[in-house]
**Q** 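Just dropping this structure here.
Each chain gets a letter, A, B and so on, in the order the sequences are listed, and its residues count up from 1.
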2 protein chains.
Amino acid sequence: MGTPSISRRLSEAAVALFDENGYEATTIDDIAARAGVSRSTFFRHFRSKDDAVFPDHDTLLATVDARLRASAADTAIVAVTDAVRIVLAHYVEDAEVSLRRYRLVRQVPALRDREITSVARYQRLFREFIGKMLDGSPDADLRAELMASSVVAAHNQVLRGWLRAGGTYDPSDLLDHAMRYVIATFRQLEQPHEPGSEQIVVATFSRSASPQAVMAAVEKHLRSR
Amino acid sequence: MGTPSISRRLSEAAVALFDENGYEATTIDDIAARAGVSRSTFFRHFRSKDDAVFPDHDTLLATVDARLRASAADTAIVAVTDAVRIVLAHYVEDAEVSLRRYRLVRQVPALRDREITSVARYQRLFREFIGKMLDGSPDADLRAELMASSVVAAHNQVLRGWLRAGGTYDPSDLLDHAMRYVIATFRQLEQPHEPGSEQIVVATFSRSASPQAVMAAVEKHLRSR
DNA sequence: TTCAGTATGAAACTCAGTATCACCGTCCAC
DNA sequence: GTGGACGGTGATACTGAGTTTCATACTGAA
């Protein structure tokens, strides 16, 4: 039907009023009135005032969780970097709503805090997932924590850049780049196929370094080990 | 004097009542009554109910900020990994209070959310500090975000382990280990002396790899670039 | 003493969030 | 049909956090 659900009507009314009059200045009575329902009904659809701004957060987290469980990736970090794409895609899908929400969240401390705790839920999900896959290997907890926080941080960096730019481009390439970055960073910290071995970085070079310099550095390393 | 400050009395009264009767079940009137002051006075010393559980958070953040500004480290990641020791040290200093608070925070969702947003403040501080030092280099924002989140994550992992174990050991060695881990991970991502160049990882190897295998991989890379 | 500044208490208010009850529609069983 | 179970809604009252305002007491300085 053309009639949107009550949850949607309430959420839209809330965001509209927050935009017009500010977050603190609008009461739940105002929201309910604009949506054409009673205050009771608001609290049947949302646990709290700020819930109305993030109506689909729980389902999104569940979707990411499901994707993670269904993943066939052979390393934890690849599974997680893959699953996190869902989140960015969800923001890009209805950019209009995302941008409105972003402007709101930036201004209202209560909403900012709420978003931070939401992000922490993802990080926890990732940490537990990676922790299970790394279980038994040395420093498993530490590495799981680092990988999870890095994936979340990289995602947020890309998302924030896209939001700040007004959602004017497709950020998926940037996310790919960031996730490759993360995977490269942590490749040495995850060894799924040879659990007993330790991988190390031999050397780093600038792109403009001559092949001779690279070979010399590598030879030096090989002699010294 | 032997008389503790009102803030301290209020904070202790709050934590004690939260322990005895639960967080939601104790009102601010209860806290004020036990501290021997009025409700008004409570709100003059704390912005909110949960503020009483984290009375020294603002000063601690300021201390870390000051240490960061005064740092003479030559790379951002070293400066931050050094500054974050202050936080762990602060927890260890009065382990009794830290453990009480930890047990409380674990049980009360409102306090957990509050702590998460507190941690985010450190991460933001670190991110901005690193971002300034990396400014101009490629992927500066992304790397700043990753480094900041990793330092915070590593610190939290060590702290959480210590708290879960009941504060029975000195965690500073573990923090050193974790921070060395982080520094090693990000060494390749920070080049303080050649801000214009881009460093890349040529390849990674296990320690048992033969020198021939390493040289072959490096030659292959050099041919392909 | 007087004045200013500061810490406190008292009281009233707004509003988020909870709990309870009554109402109304639909669907199903008999 | 009648009755009842049930899910969604509205109305009402309540608790308690947080704000605001005013009055009061105490301090030290001129």
**Q** Can you work out whether Arg47(A) or Ala25(A) has the more 5'-proximal nearest nucleotide on DNA chain C?
**A** Ala25(A)

**Q** Is the closest basic N to carboxylate O distance between Arg121(A) and Asp58(A) below 4.0 Å?
**A**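 Yes, this pair counts.
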
**Q** Measure the distance from CG on Asn21(A) to P on dC15(C) and round it to the nearest whole Å.
**A** 12 Å

**Q** Quick one: are Met147(B) and Val80(B) in side-chain contact, heavy atoms under 4.5 Å?
**A**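 A side-chain contact under 4.5 Å is absent here.
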
**Q** Would you classify Thr27(A) as touching base, sugar-phosphate or nothing, given that sugar-phosphate means primed atoms plus P, OP1 and OP2, and contacts are heavy atoms under 4.0 Å?
**A**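 Result for Thr27(A) = sugar-phosphate.
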
**Q** Whole angstrom is fine here: how far is it from CD1 in Ile28(B) over to P in dA16(C)?
**A**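 Answer to the nearest Å: 17 Å.
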
**Q** Could you work out which one of dT20(C), dA13(D), dA17(D) sits closest to the side chain of Arg44(A)?
**A**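 Looking only at side-chain atoms, Arg44(A) lies closest to dT20(C).
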
**Q** Are Ser38(A) and dT9(D) close enough that a side-chain N or O sits under 4.0 Å from OP1 or OP2?
**A** no

**Q** Rounded to the Å, how far apart are Phe42(B) CZ and dG18(D) C1'?
**A**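 Taking CZ of Phe42(B) and C1' of dG18(D), I get 10 Å after rounding.
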
**Q** Tell me whether the OP1 or OP2 atom of dA17(D) has a side-chain N or O from Ser48(B) closer than 4.0 Å.
**A**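 No, because none of the side-chain N or O atoms of Ser48(B) sits under 4.0 Å from OP1 or OP2 of dA17(D).
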
**Q** Which is more 5' along DNA chain D, the nucleotide nearest Asp29(B) or the one nearest Ser40(A)? Just name the residue.
**A**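 Its nearest nucleotide being more 5', the pick is Ser40(A).
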
**Q** With side-chain hydrogen bond (donor to acceptor under 3.5 Å, both in side chains) as the test, would you mind laying out the steps for Asp139(A) and His177(B) before giving the verdict?
**A** CA-CA 10 Å; Asp139(A) 287 319; His177(B) 173 70; 3.1 Å; yes

**Q** In this structure, how many angstroms lie between the C1' atom of dG16(D) and the CZ atom of Phe43(B), rounded?
**A** 9 Å

**Q** Return the value, rounded to whole Å, for the distance between atom CG of Asp50(B) and atom P of dG16(D).
**A**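 The distance from CG of Asp50(B) to P of dG16(D) comes to 17 Å, rounded to the nearest Å.
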
**Q** Atom CD of Glu24(B) to atom P of dT15(D): distance rounded to whole Å?
**A**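 Taking CD of Glu24(B) and P of dT15(D), I get 17 Å after rounding.
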
**Q** Are Tyr122(A) and His57(A) close enough that their ring centres sit under 6.0 Å apart?
**A**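 Yes: the rings meet the under 6.0 Å criterion.
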
**Q** Figure out the CD1/P separation between Ile31(A) and dA16(C), and round it to whole Å.
**A** 8 Å

**Q** Between Glu128(B) and Arg124(B), does at least one N-O distance fall below 4.0 Å, as a salt bridge requires?
**A**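 Judged by the 4.0 Å cut-off on N to carboxylate O distance, Glu128(B) and Arg124(B) do form a salt bridge.
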
**Q** Between Lys49(B) (NZ) and dT19(D) (P), how many Å, whole number?
**A** 15 Å

**Q** Tell me whether the side-chain N or O atoms of Arg39(B) pair up with the base of dG16(D) as donor and acceptor below 3.5 Å, since no angle test is needed here.
**A** no

**Q** Less than 4.0 angstrom between a side-chain N/O of His45(A) and OP1 or OP2 of dT9(D), yes or no?
**A**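 Looking at the OP1 and OP2 atoms of dT9(D), one of them is under 4.0 Å from a side-chain N or O of His45(A).
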
**Q** Taking the minimum atom-to-atom distance to the side chain of Ile6(A), which one of dA17(D), dT9(D), dT8(C) wins?
**A** dT9(D)

